[in-house]
Amino acid sequence: MIGRYANLGAYRQLVGSGEFLRALGGGALALAGFVVGQHPGPWARWTALGLIGASIAVNGAPIIWGALQGLWERRVNVDELVSLAIVACLIQGEYLSAAVVSCVMVLGSLIEQATGDSARKAIQSLLDLSPHTALVWADGQFQARPVERVAVGDRLLLRPGDRLAVDAVVKKGASAVDESSMTGEPIPRDKAPGDAVFAGTLNLNGVLEVEATRVGQDSTLGRVIKLVSQAEAHKPKAVRLIDRYSRWFTPLILACAGAAWAITGEANRAVTVLIVGCPCALILAAPTAIVATIGRAAKAGVLVKGGQYLEAVAAADVVLFDKTGTLTEGKPRVREVIPAAGVDRLEVLRLAACVEQDSSHPLARAVLKAAQYAKIVIDRAEQTCAKIGAGVCGLVQGNLVEVGGACLAGAGAGAPAELSAKLLEIKEQGATPLYVYQDHRPVGLISVADRVRPAAKGAVEELKALGVGQVGLLSGDHQRSADMVAEAVGLSRAWAEMLPEDKLGVIAQMQAQGRRVIFVGDGVNDAPALAAADVGVAMGAAGADVALETADVALMNDDVAKLPFLMRLSRRMIRIIKWNIAFGLAFNAAAVLASAGGYLSPVLGALAHNVGSVLVVLCSASLAFYERPRAMAR
């Protein structure tokens, strides 16, 4: 492959420049020159030379010009090797060889481009998901409007078969939504009012009215596109190492060509050495594997910002999780309602729901949801007020009702023995107790707890099976709650009551010991830890924007089970890169020896050179089809 096209990002420029047609045209000219040259007579000879010369001008001249530019700018580029080979052929009078070498080298770069693009189809499919128009409510009706003109707060209509153009929240209707394009999950998810939906997802069987929450580049799909562009721009250590090789590779191949000429006295062999010596397979070894890996991860719902983070994931030996919203769902649920003697259990829940209905606190939402499930009629409380850090109170049918945690004034005072005993039991279970008072008399307790994600335990087991030495928990919650979650999912250690700076301290201490740390979190308070870790992994669906911006990896659909998959995929990528490099070195060495020995002509050398490059790209492309083990896909 020609050195100036070693950067995968240059492929679009290559195709758009019309070089494919020029390469074919140049090849046709060379073929025509060969055919005409088979006829006797001076006219045929001069016509053939003209056609072959035009072919060299079309395909060879740009290569030589690129090499001269590199020399002028004092940049060593493998174009010099191909240029010297073409010039040497011309000096020898091997005009047809020069034309064929030029054509084969350019066509080889185009073949590699097509193969490399196949490794990135998973990413490209994401880029093509956004529709061009959306139905937006305006002037009393839904009107088609360009996506660029949709703003946050606009109400949109989604009909069956429509693809969503923005991130939004469902306001009316119910439907199943296919989120496989963003999360990798094949099973559609049911959506109802209050549920979030993402740009690029497909509405299946219902009519939804949604309100836009993120548009354009701020939408989930927009962030995917941004991450992909960043990923292609990044170069990991393996690529930088190969770049350094190219500085001495050209002088080495020149020395080999000179030695072949000096020993055999045949310039043709030296020319072939120059052709096969281009280290294109080496240059392609890492970037093609990285792009294919990023594409496969994106297809599975894992967004990676760059190849260096894949390398770090592969080498990680410590994984630390945040608790709430990461290992747990981040959606507290009422676990139990404990009434005082002589009080009905549903009455305790009703009183609490009446004063909590206007609160946005997560615990309040848990109480309201439990009351709705119990089909309790919730009365409107009067004179409600929130006591910051303590709870809420209000008048329900003329009676003062107070609901709150341990900070509630007088919480626990006058509680009967059975409630006090239950209080200790609730705390032992790692749940949060809510006191319910009516006219300053304790009427019951409500136990609220977050639920551990079903996939968390399996993910931790797989990480340990992959050789991760320590899988721990960094939580701001109290120790008992952290221990309960750690025990439920099988973590080796739980750090509790951690402030953001405390989490940084734990990560820094481990890094000082030479360990590679992955931290997984979702909230604003996790942002410093996400930035400090070797790899920060954010929960992509529910995570805070600052966490997503700070993190290096995002897990769409908040699926922690994808983390072991990413580690397996990253390790496979490293193995593929090492294999590619070893193969590239061996292939180049064998081709140079064969050329010096006279077994390859310049034309065969050009073909062999491109075969090696294509084989490397095909090996990397296999990463795009990597499948999760069945145990992971359960």
Side-chain angles (χ1 to χ4, degrees), residues 8 11 114-131 163-164 167 177-189 197-202 204 219-232 234 287-307 309-311 313-314 455 459 462 535 537-541 543 548 551-577 617-634:
L8 289 173
Y11 282 147
T115 312
D117 280 348
S118 70
R120 298 187 295 169
K121 285 182 179 177
I123 294 179
Q124 189 60 46
S125 64
L126 294 176
L127 303 181
D128 296 334
L129 288 177
S130 182
R163 196 172 289 277
L164 191 58
D167 287 0
V177 176
D178 180 0
E179 296 183 339
S180 59
S181 58
M182 299 304 297
T183 67
E185 296 298 329
I187 300 175
R189 295 173 65 94
V197 287
F198 308 112
T201 57
L202 180 67
L204 293 179
S219 70
T220 301
L221 184 60
R223 292 201 298 267
V224 172
I225 296 172
K226 181 180 178 182
L227 290 175
V228 170
S229 62
Q230 289 175 341
E232 290 196 6
H234 281 297
T288 54
I290 290 164
V291 172
T293 302
I294 291 173
R296 177 64 186 96
K299 186 178 179 181
V302 183
L303 308 181
V304 185
K305 288 185 178 180
Y309 306 120
L310 291 170
E311 289 184 318
V313 168
E462 287 195 58
V535 182
V537 180
M539 307 299 279
L548 289 172
D552 310 309
V553 177
L555 302 178
M556 298 305 300
N557 206 31
D558 300 341
D559 189 356
V560 293
K562 299 291 176 61
L563 190 58
F565 163 71
L566 180 63
M567 184 168 286
R568 292 177 190 271
L569 180 62
S570 299
R571 290 180 178 180
R572 184 175 180 86
M573 180 198 77
I574 296 299
R575 291 196 297 270
I576 291 290
I577 289 176
V617 177
L618 286 173
C619 186
S620 296
S622 67
L623 288 163
F625 308 100
Y626 176 77
E627 292 295 331
R628 292 188 290 171
R630 290 184 179 180
M632 291 186 63
R634 63 185 182 270

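Please read these numbers as outputs of a predicted model, since none were measured by experiment.
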Are M567 and L563 side-chain neighbours, meaning at least one heavy-atom pair lies under 4.5 Å?
-> no

Is any side-chain heavy atom of I290 closer than 4.5 Å to a side-chain heavy atom of E311?
-> no

Minimum heavy-atom distance V560-A459, with the two atoms named = O-CB, 3.6 Å

Minimal non-hydrogen separation, G200 against R163, with atom names | O-NH1, 2.7 Å

Grab the two heavy atoms, one from L555 and one from D559, that are nearest each other, plus how far apart they are.
-> CD1-O, 3.7 Å

Would you check if R568 and Y626 make a side-chain contact, meaning some heavy-atom pair closer than 4.5 Å?
-> yes

Determine whether S570 and L566 make a side-chain contact, defined as any pair of heavy atoms from C-beta on separated by less than 4.5 Å.
-> yes

Pairwise side-chain contact, D552 with V304, heavy-atom cut-off 4.5 Å (strictly under) = no

How many angstroms lie between CD1 in I577 and OG1 in T293, if you round to the nearest 0.5 Å?
-> 7.0 Å

Only one of L202, V177, V197 clears side chain to side chain contact (heavy atoms under 4.5 Å, CB included) with L164; which?
-> V197

To the nearest 0.5 Å, atom NZ of K562 lies from atom CG of L569 at 12.0 Å

Indicate yes or no for a side-chain donor-acceptor contact from R296 to the backbone of F625 under 3.5 Å, with no hydrogens or angles considered.
-> no

Check C619 against I576 and note the closest heavy-atom contact, atom names and distance.
-> SG-CD1, 3.8 Å

Identify the two heavy atoms, one from S620 and one from A292, that lie closest to each other, and give their separation to 0.1 Å.
-> O-CB, 3.4 Å

